[in-house]
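The structure appears right after this line, and notes come after that.
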Number of protein chains: 2
Amino acid sequence: MNTAPDPAAAQHRWLTDEEQRVWRAYLHATTLLEDHLDRQLQRDAGMPHIYYGLLVGLAEAPRRRLRMTELAMQAKITRSRLSHAIARLEKNGWVRREDCPSDKRGQFAVLTDEGHEVLRRTAPGHVTAVRQALFERLSPEQQKALGEIMEIVAEGLQPDEAGADLPWLR
Amino acid sequence: MNTAPDPAAAQHRWLTDEEQRVWRAYLHATTLLEDHLDRQLQRDAGMPHIYYGLLVGLAEAPRRRLRMTELAMQAKITRSRLSHAIARLEKNGWVRREDCPSDKRGQFAVLTDEGHEVLRRTAPGHVTAVRQALFERLSPEQQKALGEIMEIVAEGLQPDEAGADLPWLR
DNA sequence: GGCAGCTCCTTGAAACTTGAACAAGTCGGG
DNA sequence: CCCGACTTGTTCAAGTTTCAAGGAGCTGCC
């Protein structure tokens with residue numbers, strides 16, 4: 001819409017037409033994909049995508065357990081949100097809480113056998129969905145480029161990633 | 001984690017390590033970016049990103065108005081969600097509903113002057129946030145690649161885009 | 001005209017998310 | 001040992017999203 005220098009908008013540079021196109025495509029695609037996966041998982045696994053991600057995080061952790069804060073960091077959500085989510089997953093019987101012996105404030109979220117089973121049963125469908133929506137449509141070069149781009153973007157938004165003991169989110 | 005043919009998972013091909021890396025980078029980056037923009041807009045404009053998008057959609061429409069269904073399609077959300085959202089924006093005084101004269105079922109969502117003013121005031125900050133998080137970090141080639149990739153992905157998930165009168169979402 | 005089948009949009013309840021506030025526990029310095 | 005500063009995880013209230021249901025109007029066909 002705006003590509004020439006516009007005096008009225010001089011100081012905060014607008015997006016060029018091309019940038020605009022890219023940005024809208026980005027919004028469009030990420031929205032559709034997230035919706036698609038959320039729906040797929042809600043249907044096949046009975047939980048939203050982010051909850052599924054929590055189970056995966058636990059499944060990959062040693063002894064299938066993680067401290068709440070660690071799990072929150074890995075899923076990139078707030079502790080508050082995680083508390084609610086784990087409460088729900090606990091109600092499903094897929095996760096169980098355990099006290100941390102070395103820090104009485106601490107809690108472990110532990111993947112139950114049932115939870116593991118749900119994952120085992122639903123992971124293939126989810127992977128297929130991701131594959132169909134994304135990888136099957138992109139050339140190897142595009143896949144590579146996408147990975148690089150996303151790493152750059154993430155790196156710019158993460159306060160640390162390798163660096164710090166700063167407030168880890170927000 | 002799995003790249004060799006695994007007999008137990010033979011039929012539903014897993015993700016290769018490289019695909020896995022790309023996929024995680026994608027999730028990581030899109031989550032962080034969406035959170036970042038949501039927070040930025042909540043702080044500066046008092047509304048989440050999607051609501052801001054609704055105002056933009058209206059601002060760009062002829063006479064700053066759109067039928068509910070059209071707006072929902074453009075924002076890629078359900079009509080139900082839009083109803084709630086417009087109710088909230090109406091409460092803010094940024095949008096007003098108007099009856100459609102030619103179809104008594106229909107409603108227009110109309111951007112008010114106040115709404116337009118909010119947009120005028122907050123758009124620069126938002127654009128800057130997008131620019132800083134995305135465009136400033138990517139080479140021109142990467143921007144181009146990103147645009148192409150996102151168009152492909154979106155195209156694959158949209159039932160129509162150019163084609164149809166089919167269920168437009170889902 | 002009348003009626004079945006659609007579309008338009010809204011509603012209400014339940015689920016989920018957010019941000020602030022909080023109790024409890026840890027930790028380091030005096 | 002004690003205190004202030006910080007961390008951990010939860011809770012509350014307010015806001016948002018989803019899903020299923022429904023009222024109302026349009027449309028075409030008999």
Side-chain angles (χ1 to χ4, degrees), chain A residues 31 34-43 45-54 65-73 75-92 95-110 165-170, chain B residues 31 34-43 45-54 65-73 75-92 95-110 165-170:
Chain A
T31 305
E34 183 57 21
D35 277 12
H36 180 65
L37 294 181
D38 252 342
R39 222 169 298 293
Q40 183 264 320
L41 280 170
Q42 189 69 57
R43 176 166 50 73
M47 65 190 136
H49 189 192
I50 184 99
Y51 286 35
Y52 177 90
L54 296 175
R65 73 195 53 213
L66 239 29
R67 285 287 295 272
M68 295 294 278
T69 297
E70 284 179 277
L71 184 51
M73 280 192 293
K76 267 136 334 245
I77 63 180
T78 59
R79 290 206 221 46
S80 170
R81 186 174 173 184
L82 180 63
S83 253
H84 292 295
I86 292 295
R88 195 270 220 191
L89 292 172
E90 210 170 12
K91 224 176 284 183
N92 283 295
V95 169
R96 156 171 48 85
R97 282 185 228 245
E98 256 178 47
D99 292 342
C100 173
S102 65
D103 184 339
K104 281 176 198 156
R105 294 166 307 180
Q107 291 278 100
F108 283 104
V110 186
D165 33 349
L166 302 173
W168 55 271
L169 186 56
R170 267 114 247 211
Chain B
T31 306
E34 182 57 21
D35 278 12
H36 180 65
L37 294 181
D38 252 342
R39 221 172 291 335
Q40 184 265 320
L41 280 171
Q42 189 67 57
R43 177 166 49 72
M47 65 189 135
H49 189 191
I50 184 102
Y51 286 34
Y52 176 89
L54 296 176
R65 74 194 53 213
L66 239 30
R67 286 287 293 271
M68 294 295 278
T69 296
E70 284 180 278
L71 184 51
M73 280 192 292
K76 265 135 339 242
I77 63 180
T78 58
R79 291 206 213 71
S80 169
R81 185 174 175 184
L82 181 63
S83 254
H84 291 296
I86 292 294
R88 194 272 219 189
L89 291 172
E90 210 170 14
K91 225 176 281 182
N92 283 296
V95 168
R96 157 172 47 86
R97 281 184 228 245
E98 256 179 48
D99 291 342
C100 173
S102 65
D103 184 340
K104 280 177 197 155
R105 296 166 307 178
Q107 290 276 103
F108 284 104
V110 186
D165 33 347
L166 301 173
W168 55 273
L169 186 56
R170 265 114 248 207

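These numbers come from a predicted model, not from an experiment. Note on naming: letters A, B, ... go to the chains in the order of the sequence lines (proteins, then strands), and numbering restarts at 1 for each one.
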- Please determine if a side-chain N or O atom of A:Arg67 lies less than 4.0 Å away from the OP1 or OP2 oxygen of D:dG9. yes

- OP1 or OP2 of C:dT7 sitting under 4.0 Å from any side-chain N/O of B:Arg79? no

Hey, what are the protein-to-nucleotides 24-27 of chain D N/O distances that come in under 3.5 Å?
{"unit_1": "D:dG25", "atom_1": "N2", "unit_2": "B:Arg105", "atom_2": "NH1", "d": "2.9"}
{"unit_1": "D:dC26", "atom_1": "OP1", "unit_2": "B:Lys104", "atom_2": "N", "d": "3.0"}

Short heteroatom pairs, N/O only, protein and nucleotides 2-5 of chain D, under 3.5 Å:
none

- Message: Applying a 4.0 Å non-hydrogen cut-off, can you work out what A:Ile50 is touching in the nucleic acid: base, sugar-phosphate, or nothing?
- Response: sugar-phosphate

- Distance, nearest 0.5 Å, that separates CE of A:Met73 from CZ of A:Arg79: 8.5 Å

- Task: Compare all side-chain heavy atoms of A:Met47 with those of A:Asn92 and state whether any distance is below 4.5 angstrom.
- Result: no

- Task: Report the distance from atom NE2 of A:His49 to atom OG1 of B:Thr31, rounding to the nearest 0.5 Å.
- Result: 8.5 Å

- Query: So do the side chains of A:Arg67 and A:Asp103 get within less than 4.5 Å of each other, counting heavy atoms only?
  - Reply: yes

- Base of D:dT11 paired with side chain of A:Ser80 (donor-acceptor, under 3.5 Å): yes

- Message: Once you apply a heavy-atom cut-off of 4.0 Å, does B:Arg43 come out as touching a base, just sugar-phosphate, or nothing?
- Response: nothing

- Query: Roughly how far, to the nearest 0.5 Å, is CG of A:Leu71 from CG of A:Leu54?
  - Reply: 5.0 Å

- Task: Output, in order, the C-alpha distance, side-chain angles, deciding distance and verdict of side chain to side chain contact (heavy atoms under 4.5 Å, CB included) for A:Phe108 and A:Leu66.
- Result: CA-CA 5 Å; A:Phe108 283 104; A:Leu66 239 29; 5.7 Å; no

- Task: With the side chain of B:Tyr51 defined as its heavy atoms from C-beta on, choose the nearest nucleotide among C:dC16, D:dT10, D:dT16.
- Result: D:dT16

- Query: So does A:His84 reach the base of D:dG9 with its side chain, donor to acceptor, closer than 3.5 Å?
  - Reply: no

- Taking atom CZ of B:Arg65 and atom CZ of B:Arg97, what is their separation to the nearest 0.5 Å? 14.5 Å

- Verdict with supporting geometry, A:Arg96 and A:Glu90, salt bridge (Lys or Arg N to Asp or Glu O under 4.0 Å): CA-CA 6 Å; A:Arg96 156 171 48 85; A:Glu90 210 170 12; over 6 Å; no

- Looking at the side chain of A:Arg81, which of C:dC9, C:dC16, C:dT18 is the nearest nucleotide? C:dT18

